Amino acid sequence: MTLRDPNIETMGTSGEGAAQPTAQLTFDGKTFELPVIEGSEGERAVDISRLRGESGLITFDPGFANTGACRSAITFIDGEKGILRYRGYPIEELAKRSTFLEVSWLLLYGELPTSEQLENLKQEVTVHTMLHEDYRRLFDFMPKSAHPMPVSAAAVAALSTFYREADTEDRIHRAIVRLLAKMPTIAACAYKHSIGQPTMYPRNDLDYCSNFLHMMYGTPCEEYEVDPVIAKAIDLLLILHADHEQNCSTSTVRLVGSSQANLYATIASGISALWGPLHGGANQKVIEMLERIAVEEGSADVFLRKAKDKNNVTRLMGFGHRVYKSYDPRAAILKDTCKEILARMGGSNRLLEIAMRLEEVALSDEYFVERKLYPNVDFYSGVIYQAIGIPVNMFTVMFTLGRLPGWIAQWLEMRNDPAFRIGRPRQVYTGHEQRSYPTDRG
Ligand code: ACO
């Protein structure tokens, strides 16, 4: 039996009459021609969708590290060069010049909104922020000690019990607006419930992020005066988190959504996937790590020795990425924002100093250099959240607020894809072969 590496032969990729490039796989004396498809930024993928039918072979790729699961026109990442673009626009420009609602529209509908479209979206989102009073009581039945992530996931899934299936274009639009509008209210309710305070009703005179801050920190006894610098910092954080192509939670959303499950339930599955410490939950773990270093370890160097030790489970949280093998562009933006916010707030820079020292040592350490491990988006975001007063267990909920339009955009794209099929990977079975049931039982 011989298995040769696929030999990609580019026989022409464009132009009239150009043959489609193919790869050849030789196995068991037979050669199979596999079409090679090419994306707009030049990435090439061997299309193995018919391989099993023709050869009996499946492909094996634990963690889907080298598997393209869909064609997508939403987000482009070049992990080697540290490039991230939404619908073609560099993240750096969007961060500087756009707002979160503009970026949400861009992700969902492919173009930046006109001023009329943006005004309509703002208006629609503003008038859908309230929660049905029966629904609001849901929070009363959750333990106060519960982490706000499962509370948010449960609450978003429960929207499906209050609103109709998103099964027509009009209902899909309303569901999208409801999700964007109610997610900050749900997040703030989860927080207020955990600290035993009454929930705050949204205010229609405030913008998206200011309204969220009002619901988080206002009380019936005292109006919360929103600091525009903090509201802007949150808007920036939401933009930076808004989409990241086929990551763990987005792939979860696509997989769950591929069964044509209810949209709210599908988004709730994305929230659950995001909670994990190897994914969005890393932002909470980073700040816990920095605090532990400040109190216990004494120095970044001591901690890094543990993170490199294969007999120790410690990892440098907020470092490393499946796709980025250079500096995550979101982390670069956040590092600068972090310095600005801390200078503005006048608080302690201790955690930022530890983070910067960790980064400096790690980036010149052979272990991290060899493995191309760089700071990811979660490395500096927690320091900012903490500086602006977001409670640590709400960090990943903040990530959820940001990622929401990306999940929905990916769900919409999947739904409208002519190649749409239910997601259903295969496996290589390694268990027992058929055996007889023991005769001495039952
Ligand atoms: N600290 C120490 N070593 C690390 C780290 C880290 N943070 N990340 C990766 N490594 C090492 C691994 O031990 C492995 O070493 P080995 O080749 O000697 O076995 C090598 O680098 C490759 O790592 P993998 O775990 O195979 O990489 P993978 O792509 O599967 O995982 C992940 C990526 C989960 C992000 C990983 O880097 C990690 O655990 N980072 C810390 C958690 C984190 O920050 N997650 C947030 C990611 S961003 C996001 O999801 C929003």
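Computed from heavy atoms alone, side chains included, the values below leave out hydrogens, waters and symmetry copies. What you see is a predicted model, and the numbers here were worked out from it, not measured in a lab. Counting starts at 1 for both ligands and their atoms, following the listed order.
N66 CG: 12 or fewer foreign heavy atoms inside a 6.0 Å radius. By the neighbour-count criterion of 12 heavy atoms within 6.0 Å, atom CZ of R171 is densely surrounded, having more than that number from other residues, nucleotides or ligands. More than 12 non-hydrogen atoms from other residues, nucleotides or ligands lie less than 6.0 angstrom from CZ of F420. Within 6.0 Å of the NZ atom in K285, the count of heavy atoms belonging to other residues, nucleotides or ligands does not exceed 12. Annotation for R371: atom CZ counts as buried by contact number, over 12 foreign heavy atoms lying within 6.0 Å.
Using a 30° and 60° split on the angle between ring planes, Y191 and Y217 fall in the perpendicular class, above 60°. The aromatic rings of H244 and H321 lie perpendicular to each other, with more than 60° between the two planes, well past the 30° mark. Using cut-offs of 30° and 60° on the angle between ring planes, the pair F162 and Y135 is perpendicular.
By the 3.5 Å distance cut-off applied to N or O atoms, V377 is not counted among the residues near ligand 1. Close N/O approach between R330 and ligand 1 is not found [any backbone or side-chain N/O within under 3.5 Å]. Residue Y367 places at least one N or O, backbone or side chain, under 3.5 Å from an N or O of ligand 1. Looking at ligand 1, you won't find any N or O of G280 less than 3.5 Å from one of its N or O atoms. At least one N/O-N/O distance between N376 and ligand 1 falls below 3.5 Å. For ligand 1, the polar-atom distance check finds no N/O of L373 at less than 3.5 Å from any of the ligand's N/O atoms.
Of the protein's heavy atoms, at least one falls inside 4.0 Å of atom 19 (O) of ligand 1. Less than 4.0 angstrom separates atom 26 (O) of ligand 1 from none of the non-hydrogen atoms of the protein. There is no protein heavy atom less than 4.0 angstrom from atom 31 (O) of ligand 1. Proximity of atom 35 (C) of ligand 1 to the protein is indicated by at least one non-hydrogen atom lying closer than 4.0 angstrom.
By the salt bridge (charged side-chain N to carboxylate O under 4.0 Å, His left out) test, K81 pairs with D78, sequence neighbours left out.
Contacts between N247 and ligand 1 below 4.0 angstrom, taking non-hydrogen atoms only, are absent altogether. Looking at F399 against ligand 1, only its side chain comes within 4.0 Å, counting heavy atoms. Of the heavy atoms in H244, none comes closer than 4.0 Å to ligand 1. The backbone and the side chain of L278 each have at least one atom closer than 4.0 Å to an atom of ligand 1 (non-hydrogen atoms only).
For F379 and F319, the ring centers are positioned less than 6.0 Å apart.
Selection from K308, R322, M317 by nearest heavy atom to atom 29 (O) of ligand 1 gives R322. Ranked by closest heavy atom to atom 13 (O) of ligand 1, the top entry among H321, R403, K310, E370 is K310. Here the shortest heavy-atom distance to atom 40 (N) of ligand 1, taken over F379, F368, F319, belongs to F319.
Atoms of ligand 1 found under 4.0 Å from any heavy atom of G320, numbered from 1 in the order shown, are 35 (C), 37 (O).
Under the ring pair (Phe, Tyr, Trp, His ring centres under 6.0 Å) rule, H241 has a single partner from Y86, F399, F100, which is F399.
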